[in-house]
Q: 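Here it is, the structure in full.
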Amino acid sequence: MKKADRLKLFKEFAKARTRWSKVTLAALKDVVVNEHPQILAAETYGLHKQAVNRAVMKYRAYLSLSVK
């Protein structure tokens, strides 16, 4: 999957998650679009790794539901 495709999917996900903080969405974007490791994104944005991990899990669940 190309980066442009990953970015398009992420933007659709972000529109549905208006209550999420911008920092969480930025960290999630680094992980799913730019393919950075979760620990690096957590350290960069000052988040707990568990918060980034949960965001990624919710993103993957969103993808599995949107594909069906």
Q: Under the rule for side-chain contact (heavy atoms from CB on, under 4.5 Å), what residues qualify as partners of Lys2, not counting sequence neighbours?
A: Asp5

Q: With sequence neighbours excluded, tell me which residues meet side chain to side chain donor-acceptor pair (under 3.5 Å) with Lys15.
A: none

Q: Could you pull out the closest heavy-atom pair between Val31 and Pro37, with the gap in Å?
A: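 Taking Val31 first and Pro37 second, the nearest heavy atoms are CG2-O, 4.3 Å.
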
Q: Starting at NE2 of His36, measure out to NZ of Lys29 and round the result to the nearest 0.5 Å.
A: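 Nearest 0.5 Å value for the NE2-NZ distance: 11.0 Å.
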
Q: With a 4.5 Å limit on heavy-atom distance, are the side chains of Leu9 and Tyr62 in contact?
A: no

Q: If you compare all heavy atoms of Met1 against all heavy atoms of Arg6, which two are closest, and at what distance to 0.1 Å?
A: O-NH1, 2.8 Å

Q: Is Val23 reachable from Phe10 through a run of hydrophobic residues whose side-chain heavy atoms are each under 4.5 Å from the next?
A: yes

Q: For a quick test of your reading: what N or O donor-acceptor pairs under 3.5 Å do the side chains of residues 40-58 make, sequence neighbours left out?
A:
unit_1, atom_1, unit_2, atom_2, d
Thr44, OG1, Leu40, O, 2.7
Tyr45, OH, Asp30, OD2, 3.2

Q: I'd like to check Leu28 versus Trp20 (side-chain heavy atoms, cut-off strictly below 4.5 Å). Are they in contact?
A: yes

Q: Same cluster or not: Leu25 versus Leu63, using hydrophobic residues (I, L, V, M, F, W, Y) connected whenever any side-chain heavy atoms lie under 4.5 Å apart?
A: yes

